[in-house]
Trainee: 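Shown below is the structure under consideration.
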Amino acid sequence: MPIKSYPYRSIVLVNILAIVPLGYMVRFSPSLPEYIRDPAGSIAYELFWILVAILIYPRADRRLTAIWVCLGSCAIEFLQLYQPPWLQAIRATLPGRLVLGSTFLWSDLPVYFIGSYLGWLWVRWLDRLGFRL
């Protein structure tokens with residue numbers, strides 16, 4: 001059976017299901033140093049959101065998707081400087097902390113650009129394998 005016969009969204013979903021546990025394993029691995037865990041987790045975060053966007057909009061422009069995910073991640077990073085009580089309450093939950101973060105770091109911004117670029121390369125690679133609609 002040729003690769004092209006698989007539904008594109010199924011392939012993207014399989015990639016999402018693979019990147020989530022891999023991202024958490026890297027981010028929270030006690031055997032890896034912090035200077036590897038944090039950037040690797042952020043790259044997995046970018047890849048996850050690019051894949052989710054492509055899952056929802058499979059015909060979306062890959063480059064624009066990566067750019068918007070990067071800008072959104074940077075916006076969320078800057079949002080961490082804003083700490084009203086209602087937003088702090090959301091960040092106190094596990095989902096809130098995982099999505100919104102809790103501490104602003106300038107060093108996260110370049111990693112978002114790298115992660116978005118790698119995510120763009122990843123979906124282009126999937127497209128070149130013949131999975132694109």
Side-chain angles (χ1 to χ4, degrees):
M1 181 180 279
I3 291 175
K4 290 183 181 184
S5 67
Y6 292 105
Y8 187 73
R9 283 188 165 138
S10 298
I11 299 302
V12 172
L13 185 60
V14 166
N15 279 262
I16 290 170
L17 293 175
I19 197 67
V20 169
L22 181 63
Y24 283 120
M25 283 182 353
V26 170
R27 170 81 71 174
F28 299 111
S29 172
S31 62
L32 293 173
E34 182 66 29
Y35 67 88
I36 291 184
R37 285 188 310 197
D38 191 48
S42 294
I43 289 170
Y45 180 83
E46 292 298 294
L47 181 55
F48 168 79
W49 285 113
I50 290 170
L51 289 169
V52 166
I54 296 299
L55 180 69
I56 296 169
Y57 304 107
R59 296 189 189 275
D61 181 275
R62 298 338 192 205
R63 183 181 42 167
L64 289 176
T65 301
I67 290 169
W68 280 109
V69 167
C70 184
L71 292 174
S73 297
C74 290
I76 289 172
E77 188 69 25
F78 279 105
L79 186 63
Q80 293 170 9
L81 295 170
Y82 181 58
Q83 299 191 0
W86 64 272
L87 198 49
Q88 289 299 87
I90 294 171
R91 289 184 184 124
T93 67
L94 180 61
R97 189 172 67 249
L98 292 174
V99 174
L100 298 176
S102 58
T103 307
F104 175 83
L105 294 172
W106 282 106
S107 60
D108 284 345
L109 298 176
V111 177
Y112 294 150
F113 283 88
I114 293 167
S116 292
Y117 178 72
L118 293 175
W120 172 69
L121 289 176
W122 187 266
V123 293
R124 282 189 60 213
W125 176 70
L126 290 177
D127 294 345
R128 287 189 178 156
L129 288 177
F131 296 129
R132 179 99 188 234
L133 293 173

Trainee: Not counting sequence neighbours, which residues clear salt bridge (charged side-chain N to carboxylate O under 4.0 Å, His left out) with D108? List them please.
Mentor: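 Not a single residue meets the salt bridge (charged side-chain N to carboxylate O under 4.0 Å, His left out) criterion with D108.
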Trainee: Work out which heavy atom in R62 is nearest to a heavy atom in P58; give both atom names and the distance.
Mentor: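 Distance-wise, the nearest heavy atoms are NH1-O, 2.7 Å.
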Trainee: With rounding to the nearest 0.5 angstrom, report the CG to OG distance, L47 to S42.
Mentor: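 If I round to the nearest 0.5 Å, the distance is 12.5 Å.
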Trainee: Just to verify, what does T93 make a side chain to side chain donor-acceptor pair (under 3.5 Å) with, not counting sequence neighbours?
Mentor: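 Not a single residue meets the side chain to side chain donor-acceptor pair (under 3.5 Å) criterion with T93.
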Trainee: Under a 4.5 Å side-chain heavy-atom rule over Ile, Leu, Val, Met, Phe, Trp and Tyr, are L22 and L17 clustered together?
Mentor: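 Yes; tracing contacts between hydrophobic side chains, which count when under 4.5 Å, links both residues.
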Trainee: Hey, could you give me each pair passing salt bridge (Lys or Arg N to Asp or Glu O under 4.0 Å) that has a residue in residues 81-90? Not counting sequence neighbours.
Mentor: none
Trainee: Indicate if W125 and W49 have the same hydrophobic cluster label, given that clusters are the connected sets of ILVMFWY residues with side-chain heavy-atom separations under 4.5 angstrom.
Mentor: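 Same cluster.
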Trainee: Which other residues belong to the hydrophobic cluster containing Y117, where Ile, Leu, Val, Met, Phe, Trp and Tyr are joined when side-chain heavy atoms lie under 4.5 Å apart, directly or via other members?
Mentor: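 I43, V111, I114, L118, W120, L121, which link up through side-chain heavy atoms under 4.5 Å apart, make up the rest of the cluster.
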Trainee: With V52 as reference, evaluate L13, T65, V12, I16 under the side-chain contact (heavy atoms from CB on, under 4.5 Å) test and give the passing residue.
Mentor: I16
Trainee: Can you pull the salt bridge (Lys or Arg N to Asp or Glu O under 4.0 Å) pairs that have at least one residue in residues 23-38, sequence neighbours excluded?
Mentor: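 Counting only pairs at least two positions apart or across chains, the salt bridge (Lys or Arg N to Asp or Glu O under 4.0 Å) contacts touching residues 23-38 are R27-D38, E34-R37.
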Trainee: For A44 versus I19, what's the shortest heavy-atom pair and its separation?
Mentor: O-CG1, 4.0 Å
Trainee: Evaluate the criterion side chain to side chain contact (heavy atoms under 4.5 Å, CB included) for residue pair I54 and L126; output intermediate values, then yes/no.
Mentor: CA-CA 11 Å; I54 296 299; L126 290 177; over 6 Å; no
Trainee: Given side chain to side chain contact (heavy atoms under 4.5 Å, CB included), test I50 with W68 step by step and report yes or no.
Mentor: CA-CA 9 Å; I50 290 170; W68 280 109; over 6 Å; no
Trainee: I want to check something: taking the side chain as every heavy atom from C-beta on, are I11 and L129 in contact at a cut-off of under 4.5 Å?
Mentor: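 They are not in side-chain contact.
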Trainee: Should Y8 and I56 be regarded as members of a common hydrophobic cluster, given that ILVMFWY residues are connected when their side-chain heavy atoms come within less than 4.5 Å of each other, either directly or indirectly?
Mentor: yes
Trainee: Who are the side-chain contact (heavy atoms from CB on, under 4.5 Å) partners of F28, not counting sequence neighbours?
Mentor: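 Applying side-chain contact (heavy atoms from CB on, under 4.5 Å) to F28 gives Y24, L98.
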Trainee: Return the set of residues passing side chain to side chain donor-acceptor pair (under 3.5 Å) with W122 (not counting sequence neighbours), or none when no residue passes.
Mentor: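 Partners of W122 by the side chain to side chain donor-acceptor pair (under 3.5 Å) criterion, ordered by chain and then number, come out as N15.
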Trainee: Among all residues two or more places apart in sequence or in another chain, which pass the side chain to side chain donor-acceptor pair (under 3.5 Å) test with T103?
Mentor: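 Once residues adjacent in sequence are excluded, T103 has no partner under the side chain to side chain donor-acceptor pair (under 3.5 Å) criterion.
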Trainee: Ignoring hydrogens and angles, write down the donor-acceptor pairs under 3.5 Å from the side chains of residues 69-77, residues two or more places apart or on other chains.
Mentor:
unit_1, atom_1, unit_2, atom_2, d
S73, OG, E46, OE1, 3.4
S73, OG, E46, OE2, 2.4
S73, OG, V69, O, 3.0
E77, OE1, Y112, OH, 2.8
E77, OE2, L105, N, 2.7

Trainee: Of the non-hydrogen atoms in L100 and Q80, which two are nearest, and what is the gap between them?
Mentor: O-NE2, 2.8 Å
Trainee: Could you list the residues that satisfy side-chain contact (heavy atoms from CB on, under 4.5 Å) with P30, not counting sequence neighbours?
Mentor: none
Trainee: Kindly write out the residues that satisfy side chain to side chain donor-acceptor pair (under 3.5 Å) with Q88, not counting sequence neighbours, or none if the list is empty.
Mentor: R91
Trainee: Treat each ILVMFWY residue as a node, draw an edge where side-chain heavy atoms are under 4.5 Å apart, and state whether V20 and L51 are in one component.
Mentor: yes
Trainee: Is it the case that one hydrophobic cluster holds both I90 and L81, taking links as side-chain heavy atoms less than 4.5 Å apart, direct or via other members?
Mentor: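 No, separate clusters.
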Trainee: Please name all residues satisfying ring-ring contact (aromatic ring centres under 6.0 Å, His included) with F78, sequence neighbours left out, ordered by chain then number.
Mentor: F104, W106
Trainee: Looking at every heavy atom in both R63 and D61, which two are closest together, and how far apart are they?
Mentor: N-OD1, 3.0 Å
